[in-house]
Amino acid sequence: MIGIIFDMDGVIYRGNKPIDGTREVVNFLKERDIPFAFLTNNSTKNARMYREKLLGMGIDVEEERIVTSGYATARYLQAHFKEGPIFVIGGKGLQEEVVRMGWPMMGLEEARERWKEVKYVVVGLDPELTYEKLKYGTLAIRNGAKFIGTNPDTTYPAEEGLYPGAGSIIAALKASTDADPLIIGKPNEPAYEVVREKLGNVDEIWMVGDRLDTDIAFARRFGMKAIMVLTGVSTLKDVEKSEVKPDLILPSVKELLEYLKVRLEASE
């Protein structure tokens, strides 16, 4: 049986605009009971928020099928580290995941006074990034706090074009601390462990994404079929220049539906 993992930004939608064909693909997978999950490196929202966003576009995906790098980060922290105060540079979704862990989370006000007590600096995409957040993140990391990044994406695709991503913020902290972060999201193993659980017992996994450096590299690393769509970040020119190559390139997720039908008919 096939299981399919979809990236979200640039594959399912751009900003708040759905990409044509997404609803039909999701409905087809549900009708045929084909296991699938959504795996996003964007940690600004949690699964509940993403479900609401998708419903607003007419795409009905259960919360349980949605995995964010924020969720994977919280899971990894709980499994591999001891509880300690966390300073979060990130959006509301990441903050909620940390709060749900039950570990103490320090806001900026507290960090001004108590940054020396911070044990973990967790960094994701932060739409409300300020110099002060970078300052106290830098001080805490230089003081010995563990530096953890939700994902390495330097940009993400939106309606107007490419916006700065979490990787850009992580790069700033890396420059100011001379420290290498532990990165949780695609193309790394912690993200794979979580999403693999969601798919259950499948023989073959397809990864549908728009970025060579995260989605396609992720597929290559863990033996998945790498399907790249051209509605997000990476282009055909990027593929030509890259050592990381997809197995299949499609104009958009819309064309995946026909490919799936042909593949399923051949196996029947």
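Numbers here simply count residues along the sequence, with the first being 1.
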Exercise for review: Go through the structure and list residues passing side chain to side chain contact (heavy atoms under 4.5 Å, CB included) with E243, not counting sequence neighbours.
Suggested key: none
**Study point:** Under the side chain to side chain contact (heavy atoms under 4.5 Å, CB included) test, residues paired with R48 that sit two or more places apart
**Key:** N46, E52, E63, E96
Exercise for review: Quick one: which residue pairs count as a ring-ring contact (aromatic ring centres under 6.0 Å, His included) with a foot in residues 2-26, not counting sequence neighbours?
Suggested key: F6-F38
Run the side-chain donor-acceptor check on residues 83-92: report pairs under 3.5 Å with partners two or more places apart or on a different chain.
none

If only atom types and distance count, is the side chain of [X] paired as donor or acceptor with the main-chain N or O of [Y] below 3.5 Å?
{"X": "D126", "Y": "E128", "answer": "yes"}
{"X": "T177", "Y": "L173", "answer": "yes"}
{"X": "S43", "Y": "G70", "answer": "no"}
{"X": "K186", "Y": "L39", "answer": "yes"}

Practice item. Group every Ile, Leu, Val, Met, Phe, Trp and Tyr by side-chain heavy-atom contacts under 4.5 Å, then state whether L250 and M207 land in the same group. Key: no
Extract all donor-acceptor atom pairs below 3.5 Å that involve side chains of residues 136-147 and protein atoms in other chains or at least two apart in sequence.
{"residue": "T138", "atom": "OG1", "partner": "L134", "partner atom": "O", "Å": "2.8"}
{"residue": "T138", "atom": "OG1", "partner": "S176", "partner atom": "OG", "Å": "2.8"}
{"residue": "R142", "atom": "NE", "partner": "S176", "partner atom": "O", "Å": "2.9"}
{"residue": "R142", "atom": "NH2", "partner": "S176", "partner atom": "O", "Å": "3.1"}
{"residue": "R142", "atom": "NH2", "partner": "D178", "partner atom": "OD2", "Å": "3.4"}
{"residue": "N143", "atom": "ND2", "partner": "K116", "partner atom": "O", "Å": "3.2"}

Revision key, fill the gap. In short, side chain to side chain donor-acceptor pair (under 3.5 Å) pairs touching residues 195-204 with sequence neighbours left out are R75-E197, E204-W206, E204-R263
Exercise for review: Name all residues meeting the ring-ring contact (aromatic ring centres under 6.0 Å, His included) criterion together with F28; count only those two or more places apart in sequence or in a different chain, and write none if there are none.
Suggested key: none
Qualifying residues under salt bridge (Lys or Arg N to Asp or Glu O under 4.0 Å), relative to [X], sequence neighbours excluded:
{"X": "E109", "result": "R112"}
{"X": "E24", "result": "none"}
{"X": "K254", "result": "D20"}
{"X": "D9", "result": "none"}

Under 3.5 Å, sequence neighbours excluded: what are the donor-acceptor pairs made by side chains of residues 219-234?
{"residue": "R220", "atom": "NE", "partner": "K245", "partner atom": "O", "Å": "2.9"}
{"residue": "R220", "atom": "NH2", "partner": "K245", "partner atom": "O", "Å": "3.0"}
{"residue": "R220", "atom": "NH2", "partner": "D247", "partner atom": "OD1", "Å": "2.7"}
{"residue": "R220", "atom": "NH2", "partner": "D247", "partner atom": "OD2", "Å": "3.4"}
{"residue": "R221", "atom": "NH1", "partner": "P187", "partner atom": "O", "Å": "3.1"}
{"residue": "R221", "atom": "NH1", "partner": "N188", "partner atom": "OD1", "Å": "3.0"}
{"residue": "K225", "atom": "NZ", "partner": "Y259", "partner atom": "OH", "Å": "3.1"}
{"residue": "T231", "atom": "OG1", "partner": "G10", "partner atom": "O", "Å": "2.6"}
{"residue": "S234", "atom": "OG", "partner": "D210", "partner atom": "O", "Å": "3.4"}
{"residue": "S234", "atom": "OG", "partner": "L212", "partner atom": "N", "Å": "3.0"}

Practice item. Can you see which heavy atom on S168 is nearest to which on T154, and at what distance? Key: OG-O, 2.7 Å
Practice item. Using distance alone, with no hydrogens and no angle criterion, decide if N42 and T44 have a side-chain donor and acceptor under 3.5 Å apart. Key: yes
Practice item. Would you indicate whether E160, at its atom CD, is surrounded by more than 12 heavy atoms from other residues, nucleotides or ligands within a distance under 6.0 Å? Key: no
